[in-house]
Amino acid sequence: MNTASATQERSEQATDKTAIRPFRVNVPEAELTELRRRINATRFPEKEPVADLSQGVPLATMQKLARYWATEYDWRKVEARLNALPQFLTEIDGLDIHFIHVRSKHENALPLIVTHGWPGSVIEQLKIIDPLTNPTAHGASASDAFHLVIPSMPGYGFSGKPTTTGWGPERIARAWAELMKRLGYDRYVAQGGDWGGQITDLMGAQAPSGLIGIHTNFPGAVRDDVTAAVLSGGPPPADLDDEETRLYEKLKVFWATDVAYALQMGTHPQTLYGIADSPVGLAAWMLDHDSTSLALIARVFDGHTEGLTRDDVLDNVTHYWLTNTGVSSGRLYSENKLSFFGPKGVSIPVAVSVFPDELYQAPQRWAEKAYPKLIHYNRLPKGGHFAAWEQPQLFSEEVRTGLRSLR
């Protein structure tokens, strides 16, 4: 092969790797039939010997979920919602990244990249797409419009699954900056909760060219000495006020009762073969993220009207099942080497929204110390860990308000 043709071939390969390729979801009917078969073949354990959620997801909740999943739930509805949106794949750092990209019709819309968490996915953000890209249809001003980029993290959803170690939050943050650059955005903002909050914080700490500010509903603001006291089981630092002491106690309870899933995935994620083999096992594992979210979902399957519906819950679980990402998504916990709740050294402008049923509620004093350029801090009246999913209107209003000064 002569030098000219070799150069051309390398150029074509490079172009292919960075190409933005259209993507559509098309699950074969045989996979949905097999899913229902597996649900119906579930071997359930005996009922829990307690009358509360202290031993995990109640048998009654899982049986109701399984019955609805096998007989009434329709994956094709959410598949159609996804395919009604512009979806794409592009390879970044050797891995295919799936993302939704919806541009606003409004002039001067601000580009925004939104990152989900675990056990979440792009399904979490579907309800905020129209309010943020088309604000005039939701009682807001055209000047509040965003162009939205919503990627699936590596190992999640329709993105590629890393075959080597090294895809931790810091690398994902760098990949998101590359994605926004590749899409032609030279001035943009970022948002996230759960893992998305950490990745967005890290984007703020890395401060790539073009990133002008971030919004988080999961702020990395817990003082290092508070985290150390929680992990050691020791007394709280002496200078905490009443609010901060209550938060310390709440974090101690969370660490003692709700964090086992993260410890398992952070140490032996490959051991979780059961959630790759049993759809009901996967659903139970995902529902038991935190006690407040589990209580909400249990009420939903008892017939109560909440921020989420039965279909919302199963859209997300089915998305994990069909992509077989129960284990691959969990590896992010083993890749992470940073404090999940602690400050990351963000030096750019930050907006913080605090929801009352989140894992913890960062006091304003802590947020101001963690984020020297804090431009917005607000406590919301309702909403929890999956804020965009549970309370899309409140969430969208917070994103608009929090980032307005950066336009």
Side-chain angles (χ1 to χ4, degrees), residues 20-33 35-36 65 68-90 96-105 109 112-138 145-153 156-159 191-194 196 279 282-283 286-287 296-297 300-301 305-325 329 383 386-396 399:
I20 307 294
R21 294 119 56 198
F23 178 84
R24 284 179 63 83
V25 182
N26 184 19
V27 175
E29 188 62 34
E31 291 193 27
L32 300 178
T33 300
L35 168 59
R36 288 187 288 269
L65 180 150
Y68 181 75
W69 202 2
T71 61
E72 297 182 56
Y73 172 74
D74 184 2
W75 163 259
R76 298 300 184 194
K77 290 181 180 179
V78 73
E79 183 176 272
R81 287 175 68 193
L82 288 167
N83 286 334
L85 299 166
Q87 297 178 85
F88 304 91
L89 292 174
T90 189
D96 263 350
I97 299 298
H98 163 264
F99 63 98
I100 297 168
H101 184 200
V102 181
R103 289 184 58 85
S104 174
K105 65 181 180 182
L112 169 66
I113 183 167
V114 182
T115 310
H116 64 83
W118 187 95
S121 66
V122 296
I123 301 292
E124 280 185 76
Q125 278 82 41
L126 294 181
K127 297 176 188 177
I128 64 170
I129 292 175
D130 200 62
L132 292 179
T133 60
N134 188 21
T136 55
H138 299 268
F146 294 93
H147 300 309
L148 277 188
V149 179
I150 307 173
S152 298
M153 291 192 295
Y156 288 70
F158 302 107
S159 282
Q191 198 288 325
D194 192 81
L282 174 66
M286 293 172 65
L287 263 57
L296 182 153
I297 293 170
V300 167
F301 281 95
T305 301
E306 298 276 356
L308 301 179
T309 67
R310 293 182 299 178
D311 280 2
D312 285 335
V313 174
L314 288 173
D315 286 345
N316 190 48
V317 177
T318 307
H319 176 259
Y320 270 72
W321 175 260
L322 294 173
T323 55
N324 193 16
T325 48
S329 63
F386 304 98
W389 208 18
E390 297 171 30
Q391 301 295 336
Q393 181 178 341
L394 278 178
F395 181 89
S396 299
V399 173

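Since the structure is predicted, the reported quantities are computational estimates derived from the model, not experimental observations.
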Exceeds 12 heavy-atom contacts within 6.0 angstrom, atom CD of E31 = yes
Validation row, ring centre F99 to ring centre F88 under 6.0 Å = yes
Which pairs with one or both residues in residues 79-88 pass salt bridge (charged side-chain N to carboxylate O under 4.0 Å, His left out), sequence neighbours excluded?
-> R76-E79
Going by the salt bridge (charged side-chain N to carboxylate O under 4.0 Å, His left out) test, which pairs reach into residues 305-324, not counting sequence neighbours?
-> K127-D312, R299-E306
Check [X] against [Y] and note the closest heavy-atom contact, atom names and distance.
X: L148; Y: V114; value: CD2-CG2, 3.9 Å
X: W69; Y: A283; value: CZ3-CB, 4.0 Å
X: P131; Y: S396; value: CB-OG, 3.5 Å
X: Q87; Y: I100; value: CG-CG1, 4.0 Å
X: G120; Y: N316; value: C-OD1, 3.8 Å
X: I97; Y: P151; value: CG2-CB, 4.3 Å

Quick check: do [X] and [Y] have side-chain heavy atoms less than 4.5 Å from each other?
X: D96; Y: S159; value: no
X: I150; Y: L126; value: no
X: L112; Y: V149; value: no
X: L322; Y: W75; value: yes
X: H138; Y: Q393; value: no

Could you tell me which residues satisfy side-chain contact (heavy atoms from CB on, under 4.5 Å) with [X], sequence neighbours excluded, listed by chain and number?
X: T115; answer: M153, W176, I199, T200
X: N324; answer: K161, A276
X: Q391; answer: K382, L394
X: A387; answer: N217, F355, F395

Could you tell me whether E72 and R36 have a side-chain N and a carboxylate O separated by less than 4.0 Å?
-> no
CA sep, side-chain torsions, deciding dist, call: L35, T318, side-chain contact (heavy atoms from CB on, under 4.5 Å) = CA-CA 9 Å; L35 168 59; T318 307; 4.0 Å; yes
Report the C-alpha separation of L296 and L308 in whole Å, then their side-chain angles, then the decisive distance to 0.1 Å, and conclude whether the side-chain contact (heavy atoms from CB on, under 4.5 Å) test is met.
-> CA-CA 8 Å; L296 182 153; L308 301 179; 4.1 Å; yes
Would you give the length of the straight line joining atom [atom1] of [X] to atom [atom2] of [Y], rounded to the nearest 0.5 angstrom?
X: K77; Y: L314; atom1: NZ; atom2: CG; value: 12.0 Å
X: T133; Y: H147; atom1: OG1; atom2: NE2; value: 10.0 Å
X: F146; Y: S104; atom1: CZ; atom2: OG; value: 10.0 Å
X: N83; Y: R24; atom1: CG; atom2: CZ; value: 4.0 Å
X: L82; Y: S121; atom1: CG; atom2: OG; value: 8.5 Å

Give a yes or no on whether the backbone of S329 and the side-chain of Y156 come within a donor-acceptor separation of less than 3.5 Å.
-> yes
So, the side chain of D194 versus the backbone of W118: is there a donor-acceptor pair under 3.5 Å, distance only?
-> yes
Please work out which of the three classes, parallel, tilted or perpendicular, describes the rings of F386 and W389, given edges at 30° and 60°.
-> perpendicular
In terms of the angle between their ring planes, are F158 and H98 parallel, tilted or perpendicular, with boundaries placed at 30° and 60°?
-> perpendicular
Could you walk me through whether L287 and V313 pass the side-chain contact (heavy atoms from CB on, under 4.5 Å) test, one step at a time?
-> CA-CA 9 Å; L287 263 57; V313 174; 4.0 Å; yes
For side-chain contact (heavy atoms from CB on, under 4.5 Å), just list the numbers for F301 and I297, CA-CA rounded to whole Å, side-chain angles, deciding distance to a tenth of an Å, and then say yes or no.
-> CA-CA 6 Å; F301 281 95; I297 293 170; 3.9 Å; yes
